[in-house]
Amino acid sequence: MLFELAAISAEPERLVRLYLSPEYRRAADLVSLWMRETGLEVFEDALGNVRGRMGAAPRLLIASHIETVIDAGRYDGTMGVVAAILAYDTLVRANAKPAFGIELIAFGDEEASRFPTTLSTSAALAGHFEPKTLALKDSAGVTYAEALRAYGKNPDEVASVALKPHEASAYVELHIEQGPVLEAKNEPLGVVTAMIGQTRLMIEVKGEAGHAGTVPMNLRRDALAGAAEMTIAAEKTGHEGLVATVGTIEARPGAVNIIPGLVRFTLDLRTASDEARKKAIAAYRHECEKIAAKRKLDVAVTVTHEIPTTPCDARLQDQLAAAIEAVGGKPIRLPSGAAHDGMSMAKLCPIAMLFVRCKRGVSHNPAEYASPGDMGLAIAALVRFIERFEKP
Ligand code: HGY
Ligand code: MN
Ligand code: MN
C-alpha cells in the first residue's frame with residue numbers, strides 16, 4: 001500500500017505529491033477506496049481531507065497526512081494513514097469493532113511543500129483555520145483559494161470542516177520517528193511526549209543588482225553575499241537542544257553575470273522551550289539587521305509560521321505505552337523534533353503519537369526506511385490501543 005502511494009508522484013524520478021495537486025487527487029482516491037473497503041463511511045471535506053467514519057460522536061480520531069515533501073521518502077505521513085486503515089480493518093475482520101465511534105483522516109497540508117503555511121487542513125478540523133491562509137500563493141502564483149476551487153472545493157465552506165469539541169474524544173497518530181533515538185535504543189516503538197515548537201521566518205534582503213564585471217567589490221550591495229552571512233549566523237544560533245535551518249534561498253534576478261539585488265530565504269528554528277525560541281528569534285533578527293547595516297542592505301524578517309511546543313496527553317501516553325508492552329515492546333518515551341498535525345488537533349482534544357523506528361534517523365529523503373516487522377508491530381500496538389482506549 002505504501003509503495004502504491006509512493007508511485008503517485010508529479011515526477012518520475014522522485015516523490016513529490018503537493019496538496020491539491022492531480023497526484024494528491026489520485027492518492028486521496030486510493031485512500032478513500034481502502035477506507036471504504038473496510039466498511040467506513042467515507043467523505044471528503046471542504047479542504048480535501050479524506051475522512052472515514054464509523055459510529056457516533058465522540059469519535060477517536062486516527063490520522064496522518066498524504067501529501068509529501070519534495071523528494072520524499074515512502075513513509076512520512078502515509079505510514080500513519082495506511083496503518084490506521086489496517087488497524088481498523090483488523091478489528092473489523094476480528095468482529096471486534098469498538099463500541100465508540102472512530103474517524104480515520106488523511107490530511108493534506110502538513111509539509112508546507114506547496115503553500116507557505118503548514119498544518120492548515122488539521123487546523124480547519126480543529127476549528128482554527130486562519131482565513132488569511134486562503135490568499136497564500138504557491139511558487140506558480142496560484143492562491144490556496146484558487147487551488148481549492150480547481151480541486152472542486154468551495155473555500156467559503158472551510159468553516160464547515162471544523163469538528164465540535166464533543167465530536168472528538170482523542171487524536172492519535174502513528175508516524176515514522178524521523179530521528180535516530182529508537183534505533184539507538186534498539187527498540188521498534190516509542191511514545192511521543194511532546195512535539196517541539198517552531199518558528200519559521202521569511203527573510204528578504206535587498207541590495208542593488210549590478211554588472212558582475214564592472215562594479216568594484218567595495219561598491220557593491222550584494223544581497224546574496226549578505227544572505228550568505230546571515231545563513232552562517234543562523235547556523236551559529238544552533239546548539240544542543242536548538243536547531244536552525246535555512247532550507248530555501250532564491251536570488252534575483254538570478255543570472256551568472258548579475259550581482260543579486262534581491263534574495264529571499266527561509267529559517268526554521270526549533271527548541272523545546274518557547275521562551276528560548278522567542279529569544280533566539282529576536283537575537284537572530286537583530287543579527288540580520290547588523291549584517292544588513294554593515295553591507296548597506298535592507299532586510300525584512302517576517303514570521304510565516306509559529307507553533308508552541310505541544311505536549312501529548314499523559315493518560316494517552318500511558319495507554320500507548322501499555323499497548324506497546326502488550327505486543328512485547330519496551331515503550332521508549334521521546335519528544336518529536338518534527339511537527340505533526342497533532343499540534344493542530346491539541347486545540348480540539350487530547351493527542352497522542354506512536355513512533356516507529358526509522359533507519360539511521362533519515363527522513364525528508366528518499367532513503368527513509370521503516371521495516372515491515374516494525375510497522376506490523378506498530379499496527380498491532382495501535383489495535384491494542386483502540387481495544388483498550390479510554391477517553392481521557
Ligand atoms: O517540518 C516538520 O517538522 C514536519 O515534518 N513537516
Ligand atoms: Mn509527517
Ligand atoms: Mn514530514
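Just so you know, ligand 1 is whichever comes first in the structure, and atom 1 is the first atom listed for that ligand.
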Given that the side chain starts at C-beta and the backbone is N, CA, C, O, which of these parts of [X] lies under 4.0 Å from ligand 1, counting heavy atoms, or is it both or neither?
X	value
Arg270	side chain
Glu110	both
His65	neither

Atoms in ligand 1 flagged as close to [X], the criterion being non-hydrogen separation under 4.0 Å:
X	answer
His364	5 (O)
Ala338	3 (O)
Arg200	1 (O), 2 (C)
Glu111	4 (C), 5 (O), 6 (N)

Open item on the list: Testing the 3.5 Å rule here: is there a donor-acceptor pair between the side chains of Tyr144 and Ser120?
Closed with: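 A pair is found: one side chain offers a donor N or O, the other an acceptor, under 3.5 Å apart.
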
Open item on the list: Looking at Lys236 and Glu287, is any side-chain nitrogen of the basic one under 4.0 Å from a carboxylate oxygen of the acidic one?
Closed with: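 Answer for the salt bridge query: no.
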
Open item on the list: Salt bridge check, Glu387 against Arg384: does any charged N sit closer than 4.0 Å to a carboxylate O?
Closed with: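 Salt bridge present between Arg384 and Glu387.
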
Task: Option from Pro392, Pro311, Cys312 for which side chain to side chain contact (heavy atoms under 4.5 Å, CB included) with Pro350 holds - done: Pro392

- [ ] With Phe355 as reference, evaluate Arg333, Glu173, His175, Glu187 under the side chain to side chain contact (heavy atoms under 4.5 Å, CB included) test and give the passing residue.
- [x]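 For Phe355, the side chain to side chain contact (heavy atoms under 4.5 Å, CB included) check succeeds only for His175.
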
Open item on the list: Looking at Asn95, I'd like to know if its CG atom is crowded, meaning that more than 12 non-hydrogen atoms belonging to other residues, nucleotides or ligands lie closer than 6.0 Å.
Closed with: no

Open item on the list: Does Lys132 have more than 12 heavy atoms from other residues, nucleotides or ligands lying within 6.0 Å of its NZ?
Closed with: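 Atom NZ in Lys132 is not crowded, with 12 or fewer foreign heavy atoms closer than 6.0 Å.
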
Task: Sole candidate of Glu229, Glu289, Glu208 that passes salt bridge (Lys or Arg N to Asp or Glu O under 4.0 Å) when paired with Arg295 - done: Glu229

TODO: Give the ring-plane orientation class for Tyr24 versus Tyr151, where under 30° counts as parallel, over 60° as perpendicular and anything between as tilted.
DONE: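 Plane angle between 30° and 60°, so tilted.
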
Task: Stepwise salt bridge (charged side-chain N to carboxylate O under 4.0 Å, His left out) test for Arg264 and Glu250 - done: CA-CA 5 Å; Arg264 287 195 187 92; Glu250 174 200 23; 3.7 Å; yes

Task: Sum of protein N, O or S atoms, each under 2.8 Å from the Mn ion (ligand 2) - done: 3

Open item on the list: So, 4.0 Å and heavy atoms of His305: is ligand 1 close enough to count as a contact?
Closed with: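 In this structure, His305 fails to qualify as a contact of ligand 1 - no heavy atom is under 4.0 Å.
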
